[in-house]
Number of protein chains: 2
Amino acid sequence: MHHQTRNITVQENTIVKASISKQIAEQLRAAIVAGQFKIGQRLPTEDELAQRYGVSRPSVREALKRLAAQNLVRAKRGPTGGNFVVQPSYAELAESLSGAATLLVGMGALGIEEIIEARRALQGSCIDLAANNASATHIQNIEAALNRQQDPGISDEAFCQADVAFHRALVDATDNGMLRFVMYTVIEALIPVTNMVVTVVRERSDIISLHRQMLEHLKQGDSDALKKRMDELLDYLLQKFEQASACRA
Amino acid sequence: MHHQTRNITVQENTIVKASISKQIAEQLRAAIVAGQFKIGQRLPTEDELAQRYGVSRPSVREALKRLAAQNLVRAKRGPTGGNFVVQPSYAELAESLSGAATLLVGMGALGIEEIIEARRALQGSCIDLAANNASATHIQNIEAALNRQQDPGISDEAFCQADVAFHRALVDATDNGMLRFVMYTVIEALIPVTNMVVTVVRERSDIISLHRQMLEHLKQGDSDALKKRMDELLDYLLQKFEQASACRA
DNA sequence: AAATTCTATTTGTAATACAAATCATGTTAA
DNA sequence: TTAACATGATTTGTATTACAAATAGAATTT
């Protein structure tokens, strides 16, 4: 058996014991981050990786699955197929982020009040930036989301989707990738509340009304008024949430 | 062969084709989020899962690896072992977050200027909250990190670690989990800059001096002064970063 | 020349076997 | 009786092999 000696090769790099698939996942990740494998490039076949690291193919595959779960690689079958390094997109990253956030909410590790407070704290300066940097395209996007929301025929799910789109578009107007990355998480974490609220028709129009005012303020570059409306929106959500909680208790 | 029919069972839930391991990963994730498996609880053995879903054990394992990469489950060996639903901790989640953020930075999708701007935008209201909610313990933690930083004997790496700890502790003082979750990401994304800066001795003392002032302001609850110092710190970092960039160009 | 079939390559899945870890139980010795 | 130790059972970790499925390109046939 030759894989014993190869095994040592793997472990001497990372010193000690973590499962082999984890070690390999980390080595591959490091190689990717270091630019050894560039974006869009195909990395060696699973067989080749298995040979190179001196492990079995299933182990390599487990490692690749870990990376796939992080949206770092994507597999394609066939002769031209293989495992490709993937360009990490905001959308996907934000999705995994908000997945984590909703998980925390769902498990009760994060309270809704906490999220609203955080949102309140973070939005202020975002709005300043948005009011400064908003381009015509940004405003169009916001308007489009608002229009979708105003359609009375849409389902609750669609309404919530449009709600998320509205707030995302608002953050997009800051024109700052890092802010988007971070704020998307907070926005997504608030979805449960919105879901809870929009089941009643009256609530929809309240929200839409606030949104419409916010858009107007943004167009006029009045960031103070915009902040005020956003504050009102959060107050509204918090109040409705507490009503619903009290009702259930 | 019985697994043909079972295979259909799996697919009819998710309609169509995604790799089996992915389907199973999603089903398990959904089950966990839905509370079907509670935190800390052991889920069925891999063999049992394989039988239940009508797939092979390697497929189940690939699915579990995906979940493990998301810090959703953890495996333990032995008779009392198994795959356990894990309490998602801020630390680990934030780690995976910042991993993603550093990835974006490393691949050039996020610029340092962008990160600093984001940090500047987000910190303000955080500071207000921190000044209001900071407990004695919080302040102790901040002080401890500062003390570690002041030790002239420590390495550059240790200095940066202490720097991160300082800013984290500052955010912790807000006593808001969501804010921590989000701000950790921004803080970690700034590490490369700090790394770049602290290589010179002079810079260390500049940073420490600002940190010490910030701590004092916090103790006195003077959030305005605290914000000002933080702004100066960011100005400083940005300036040094641009120097370094210009130098290299 | 175009359409089709064939073939090679690569990932996806399965089945099985054994290794390693670890806890529980029983056994032995003090 | 108690404590230390050994043994076994259980579960994940890894390896091996084989075959299925997808797919692109080449070869073949019409």
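Being a predicted model, the structure only gives us computed values, none of them experimental. Chain letters run A, B, ... following the sequence lines, proteins first, then strands; residues in each count from 1. Side chains included, hydrogens not; waters and symmetry mates left out as well; all remaining heavy atoms used.
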Residue A/Ser19, side-chain heavy atoms: nucleotide from C/dT13, D/dG25, D/dT14 that is nearest: D/dT14
Minimum-distance nucleotide (side-chain atoms of B/Arg57 versus C/dT11, D/dA15, D/dG13): D/dG13
Length of the CG-P vector between A/Asn83 and D/dA22, whole Å: 17 Å
Test side-chain hydrogen bond (donor to acceptor under 3.5 Å, both in side chains) applied to B/Ser135 - qualifying residues, sequence neighbours left out: B/His138
Side-chain N or O of A/Lys65 closer than 4.0 Å to phosphate OP1/OP2 of C/dG12: yes
Whole-Å distance separating the CZ atom of B/Phe84 from the C1' atom of C/dT22: 12 Å
Partners passing side chain to side chain contact (heavy atoms under 4.5 Å, CB included) against A/Gln161 (at least two apart in sequence or in another chain): none
Length of the line joining A/Ile20:CD1 and D/dT12:C1', which is rounded to integer Å: 14 Å
Residues touching DNA chain C, which here means a heavy atom under 4.0 Å, drawn from residues 71-79 of chain A: A/Ala75, A/Lys76, A/Arg77, A/Gly78, A/Pro79
Nearest-angstrom distance from the residue atom CD of A/Glu62 to P of C/dT13: 13 Å
Qualifying residues under side-chain hydrogen bond (donor to acceptor under 3.5 Å, both in side chains), relative to A/Asn133, sequence neighbours excluded: none
For atom CD1 of A/Ile24 and atom C1' of D/dG13, their distance in whole Å: 13 Å
A/Lys22 NZ to D/dT14 C1', straight-line distance once rounded to whole Å: 17 Å
Sidechain-backbone polar pair: A/Arg119 side chain, A/Ile187 backbone, donor-acceptor under 3.5 Å: no
Minimum-distance nucleotide (side-chain atoms of B/Arg61 versus D/dA15, D/dG13, C/dT11): D/dG13
Under 4.0 angstrom between B/Ser59 side-chain N/O and C/dG12 OP1 or OP2: no
Rounded interatomic separation in angstrom, taking CG from B/Asp47 and C1' from D/dG13: 13 Å
Residues which pass ring pair (Phe, Tyr, Trp, His ring centres under 6.0 Å) with B/Phe159, listed by chain and number, not counting sequence neighbours: none
For B/Glu113, all residues meeting salt bridge (Lys or Arg N to Asp or Glu O under 4.0 Å), sequence neighbours excluded: none
Per B/Glu46 side chain, nearest of listed nucleotides C/dT13, D/dG13, C/dC23: D/dG13
Taking every non-hydrogen atom, the tightest pair across A/Glu114 and B/Asn176: O-ND2, 3.0 Å
Atom-pair distance (OH on B/Tyr53; C1' on C/dT13), nearest Å: 17 Å
